[in-house]
Trainee: 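Here you go, one structure.
Sequence positions, counted from 1, serve as the residue numbers for this chain. Atom set for the values below is all heavy atoms of this structure, side chains included, hydrogens, waters and symmetry mates excluded.
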Amino acid sequence: MFYSNLLEKQSPENDLYISQRIRNDSIPMEIMPFRNDMKLTEVMSQQKFTLSAEIIPPRNGSEQAKVMKQIESLIQAGAQFLAVTKGAGGSLRGGSLPIAQAIKERFSVPCIAHFTCRDLTPPEVENQLMDHHYFGIRNILALRGDPPDGQPDWKPREGGYNYAYQLIEQIRNLNQGNYLQRAGGPPASGSEQTRFCIGAAAYPDFPDDRNRIEYFKLKVEAGAEFGITDMLFDPDSYGRFVETCSKNGVKIPILPGTRFLKTKSQAVRMATKFKVKIPNSTLNSLPELDGPEAVEVGLELFYRLTEKLKALGAPGVHLYVISDTEGASHALRRLATCVKQGKE
C-alpha cells in the first residue's frame with residue numbers, strides 16, 4: 001500500500017461501523033469520507049524506477065466490469081499507479097472521474113486523472129476540479145485536449161482556454177486558495193487550499209526545436225510538478241529533450257510514455273497517428289504478423305527501450321495501454337520480474 005487509508009474499504013457490512021466512527025468524532029465531520037491520494041511526486045521520490053500505465057474509459061454503454069477487470073490485470077502485472085484519460089479525440093467515453101476514484105478507493109493505488117479544458121470556461125473548470133478535490137483525487141494531468149477527430153477547424157469556446165498552461169495556472173491558484181469571483185455575485189467566502197499535484201504533457205518529437213522546450217517550460221513556470229511525454233519509441237529523443245530542459249532550467253521529473261509494439265504495421269500506425277519517431281532498428285526487428293513470436297520479440301524490444309530510458313535518467317516508464325491490456329500486462333510483468341531479480 002502506498003498510503004494510509006482515511007477510512008477502511010467501504011462495503012455494506014461495515015457501513016454501520018463507519019457511521020459509528022463518524023458519530024464518535026474519530027473522523028472529522030468537515031472532511032469527505034474518501035482517501036486523499038498520494039501525490040505522484042511523492043511516489044516517484046520513494047521509488048527508484050516506477051512502472052505505470054494509462055487506460056482509456058470504455059465507450060459509453062459498455063459494461064463497467066470490463067474496465068474494472070482491466071485495472072485489476074494491470075495492477076497485478078506490476079503497475080504502481082495508473083492514469084485515466086478524458087475525452088480523447090472528442091470520443092464518447094465518460095466516466096473518467098469515477099474510474100480514477102475506483103482505482104484509488106477500491107484498489108488502493110495512486111491515480112492520475114486527466115483533465116481537459118478544451119470545451120470548458122474557467123468557472124466550469126473550477127467546479128469540476130472541486131469534484132476531484134472532494135473525492136480526494138490529488139494527481140491531475142492538465143491538458144488543453146485534442147480537437148475532436150474530423151474537426152480540423154475546431155476553436156475553443158468563447159472565454160475558454162487556448163493553452164494548457166492557462167489551466168495549470170488556474171489549478172495552482174486553487175492550490176493557493178484563490179477562487180474565481182462570479183461577475184455580479186457575492187464575494188468569495190472561502191479560501192481552502194486544494195492539494196493537487198499538477199502534471200503536464202511533454203512532446204520530445206515536436207517538430208519545432210525551440211517551441212518543443214518553450215511550450216513545456218511555460219507549463220512548468222505555470223505550476224506543473226511532473227511531466228509525461230507523448231507516445232515515444234526513440235530513447236534518443238527523450239534524452240535530448242530532458243537534457244535541453246535541464247539547460248533551460250526545467251528540472252521536474254519527466255516520465256517517458258510508450259507502448260508495447262508487436263508488429264511492424266502496428267508501429268507504422270503509431271508513428272503516423274502520433275507523429276513520433278521509431279528507430280529503424282526497432283522497425284526492422286518487428287515481425288510482419290502477430291502471434292506468439294511477435295509477443296516475445298515485442299517484449300524484448302520493450303525491455304531494451306526501458307533499459308535505455310532508465311540509463312538516461314528516466315524516473316520510470318508509463319505504458320499506454322490503448323486497447324491491448326493483455327500486451328501491456330505482459331510488458332509490465334516482464335519489467336516487474338526484472339526489478340525483483342535486481343536486473344533494473
Trainee: Work out which heavy atom in I99 is nearest to a heavy atom in P57; give both atom names and the distance.
Mentor: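 Reported closest heavy-atom pair: CD1-CB, 3.8 Å.
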
Trainee: The test is ring pair (Phe, Tyr, Trp, His ring centres under 6.0 Å); show your working for H132 and Y134 and say whether it passes.
Mentor: CA-CA 6 Å; H132 289 68; Y134 286 155; over 10 Å; no

Trainee: What pairs of residues pass the salt bridge (Lys or Arg N to Asp or Glu O under 4.0 Å) test when at least one of them lies in residues 249-267, not counting sequence neighbours?
Mentor: K262-D290, K262-D324, K264-E288

Trainee: Aromatic contact between F216 and F241, with the criterion being ring centroids under 6.0 Å apart: yes or no?
Mentor: yes

Trainee: If you count the non-hydrogen atoms of other residues, nucleotides and ligands that lie under 6.0 Å from CD in E63, is the total more than 12?
Mentor: no

Trainee: Tracing side-chain links under 4.5 Å among I, L, V, M, F, W and Y, which residues wind up in one group with Y165?
Mentor: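 Traced through the cluster, Y165 reaches Y163, L218.
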
Trainee: Provide the full list of salt bridge (Lys or Arg N to Asp or Glu O under 4.0 Å) pairs with a residue in residues 218-234, sequence neighbours left out, each pair given once.
Mentor: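 Listed once each, the pairs would be none.
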
Trainee: Identify the heavy atoms of P235 and L312 that sit nearest to each other, and give their distance.
Mentor: O-CD1, 3.1 Å

Trainee: Can you tell whether the side chains of R334 and E296 come within less than 4.0 Å, N to carboxylate O?
Mentor: yes

Trainee: How far apart are the C-alpha atoms of E124 and R157, what are their side-chain angles, what is the distance that settles it, and do they pass the salt bridge (Lys or Arg N to Asp or Glu O under 4.0 Å) test?
Mentor: CA-CA 12 Å; E124 291 169 336; R157 280 175 63 185; 2.9 Å; yes

Trainee: Side chain of Q181, backbone of P186: donor and acceptor closer than 3.5 Å?
Mentor: yes

Trainee: Looking only at heavy atoms, what is the nearest atom pair of L74 and A328, with distance?
Mentor: CD2-CB, 4.0 Å

